[in-house]
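Here the structure is laid out as C-alpha cells; the discussion comes afterwards.
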Amino acid sequence: MSAPMTLFADVNWQPVIDAVRQARSIVLITHCNPDGDGIGSQMALYDALIVAGDGRISMHNRDGVPRIYSFLEHSEQVQMGDWPSDAAKPDVIIALDCGARGRLGMPDEWFDGPTLINIDHHASNRLFGDINIVDARYCATGAMIFDLLIAMNMPLNKARASGIYVATLTDTASFRLASTTPAVYRMAADLVEAGAEPWPISVQVYESRSLSGLHIMTACLDTLEMRDDGRSAWVYVTDDIYRKTGADVEDTEGLIDYARSIDGVEVAVFIRSDEVVAERWKVSFRGKTCVNVGALAGELGGGGHVHAAGCQLTGTLDEVRARVQVAVSRSLSSF
C-alpha cells in the first residue's frame, strides 16, 4: 500500500499538532444531534490520539451517538449531557464539524481557560476557536481528519479509516455531491485499503432503519406540499407525528432527500419540531442545482453548505413556515 496523499497540502496543521502535543488533557466534541461526519471524525481522531494509552483523551457530546453509527469503534466511550460538575476542565477542546460554538450545546463558562480548536468545513463557520482550521474545500470534516493524520505521521488503521469513511460517505450523499472530487475517490481507496468495509458500513448507515422509522417516513411524506410553482417541496414532522409513530429524531434522517428527489424541485424544506423545547423548530434545506441553500439558511440565522444547510426558528409552525417561505421564494426569484 502506497502512502496516502493529502487532499490539500497547503493547510497548516502545525498549530493543532503543537497544541495537542503540549496538552495534558483533551476533549473531542461535536455538535448537538450529531451526524455521520461529526461522529466519524470524532471516532477517527480519538483512535489516533489514544495511541499513547495515557488516558488524557476523552469524548463528550451534548447528545448521544445515533444508533446507526454505534457500530464504530470507541462509540461507547462518548460521554453525553452536561460536563460533570466534579470534573476538571481539559487543557484543549477540539470541536469537530461545528459551525458555531453554541451548536456544541455546552455552557459558555466551559470554554473559559482551555484552548479551543475549531476544525470544520462549513463556509458559514464563525471562527469561534482559539485555533481555527476551517476550509470549505473539503467534502467533510472527516476528510480534514484524514489530512491531519497524515500531517501527524499517524498511519491509517481499520478504526480510523472506518470513521473517516462514514464521515465522507454521509456528507457527500454517498459520493454523489459535487464535492466528491477525484482526490476524494483516491482518499476513499486509501480508506478501503486500510480496512474500511463499504458494504457493511452502508448496511449500518442506510439499511438499519427501525420499524418506527418507516412509519414516520410515510407520515412525513403525507405532509408533502409543493410550492413556488413546483420548485420547492416541503415536508414536516410535528410532535403529534412523533407520538403517533413512536419514532424519534434519529428516524428523521434522510427524509428531506425524498422531497429534493422530485423532478423540478430546486429547494427542499424539512421542518421538524424540537423534541425538548416547545415551539422550537429545526429547519433543513437541500438544494439541487441553482440555489445556494447555505446562503438561504444564513438569512435565517443558520448556515451550512451550498446544497445542504439548516437553521433553528421559534414560533408556531404556521409562523415558521411563513418566515421560511419568504426566504425560499426570494432565493428562487433570480432563477
Side-chain angles (χ1 to χ4, degrees), residues 1-13 16 30-31 34-48 68-69 72 96-99 118-125 133-206 253-254 256-257 260-261 286-289 292-294 303-309:
M1 177 179 172
S2 59
M5 294 181 58
T6 57
L7 283 85
F8 297 103
D10 58 340
V11 177
N12 180 17
W13 291 102
V16 175
T30 189
H31 53 80
D35 58 8
D37 193 14
I39 294 297
S41 301
Q42 193 176 33
M43 297 305 119
L45 185 56
Y46 178 80
D47 188 85
I68 58 175
Y69 306 122
L72 287 171
L96 299 164
D97 193 46
C98 188
N118 170 24
I119 301 176
D120 185 36
H121 72 128
H122 292 91
S124 57
N125 189 284
I133 309 294
V134 176
D135 197 325
R137 295 177 298 172
Y138 283 94
C139 65
T141 301
M144 301 181 74
I145 301 304
F146 179 85
D147 276 5
L148 173 57
L149 297 187
I150 293 173
M152 295 177 69
N153 295 313
M154 302 292 291
L156 289 171
N157 59 17
K158 183 174 182 177
R160 297 166 203 169
S162 297
I164 295 170
Y165 189 92
V166 165
T168 305
L169 178 72
T170 54
D171 248 38
T172 60
S174 299
F175 301 99
R176 291 181 293 160
L177 298 183
S179 59
T180 313
T181 63
V184 172
Y185 283 113
R186 284 190 287 269
M187 177 186 70
D190 289 331
L191 298 174
V192 172
E193 286 187 345
E197 299 178 286
W199 176 240
I201 288 174
S202 295
V203 168
Q204 290 287 339
V205 174
Y206 297 121
E253 184 73 24
I256 192 173
D257 296 323
R260 181 170 61 177
S261 70
R286 295 292 183 271
K288 188 175 288 181
T289 59
N292 180 345
V293 296
H305 306 292
V306 171
H307 295 294

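Scope of the values below: all heavy atoms of this structure, side chains included, with no hydrogens, waters or symmetry mates.
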If you compare all heavy atoms of [X] against all heavy atoms of [Y], which two are closest, and at what distance to 0.1 Å?
X	Y	value
V293	A308	CG2-N, 3.4 Å
R137	D135	NH2-OD2, 2.7 Å
I164	M187	CG2-SD, 4.3 Å
S179	T172	OG-CG2, 4.0 Å
A194	L156	CB-CB, 3.6 Å
G142	S41	N-OG, 3.0 Å

Any donor-acceptor pair under 3.5 Å from [X] side chain to [Y] backbone:
X	Y	answer
T170	A167	yes
N125	C98	yes
T30	L96	yes
R260	K288	no
D120	T141	no
S162	A159	no

Interatomic distance, [X] atom [atom1] to [Y] atom [atom2] [nearest 0.5 angstrom]:
X	Y	atom1	atom2	answer
R286	S261	CZ	OG	13.0 Å
I150	L7	CD1	CG	7.5 Å
D147	T6	CG	OG1	5.0 Å
L45	M154	CG	CE	9.0 Å
I39	H31	CD1	NE2	8.0 Å
D190	Y185	CG	OH	15.0 Å

Task: Check: C139 and T168 side chains under 4.5 Å, non-hydrogen atoms - done: yes
Task: Residues forming a ring-ring contact (aromatic ring centres under 6.0 Å, His included) with Y206, sequence neighbours excluded - done: none
Task: Y69: partners by ring-ring contact (aromatic ring centres under 6.0 Å, His included), with sequence neighbours left out - done: none
Task: V166: which of D171, I201, I68 passes side-chain contact (heavy atoms from CB on, under 4.5 Å) - done: I201
Open item on the list: Using side chain to side chain contact (heavy atoms under 4.5 Å, CB included), reason through D97 and H122 one step at a time and then give a plain yes or no.
Closed with: CA-CA 8 Å; D97 193 46; H122 292 91; 3.2 Å; yes
- [ ] Can you label the angle between the W13 ring and the Y138 ring as parallel, tilted or perpendicular, going by 30° and 60°?
- [x] perpendicular
Open item on the list: Regarding D257 and R176, does a basic nitrogen lie under 4.0 Å from an acidic carboxylate oxygen?
Closed with: no
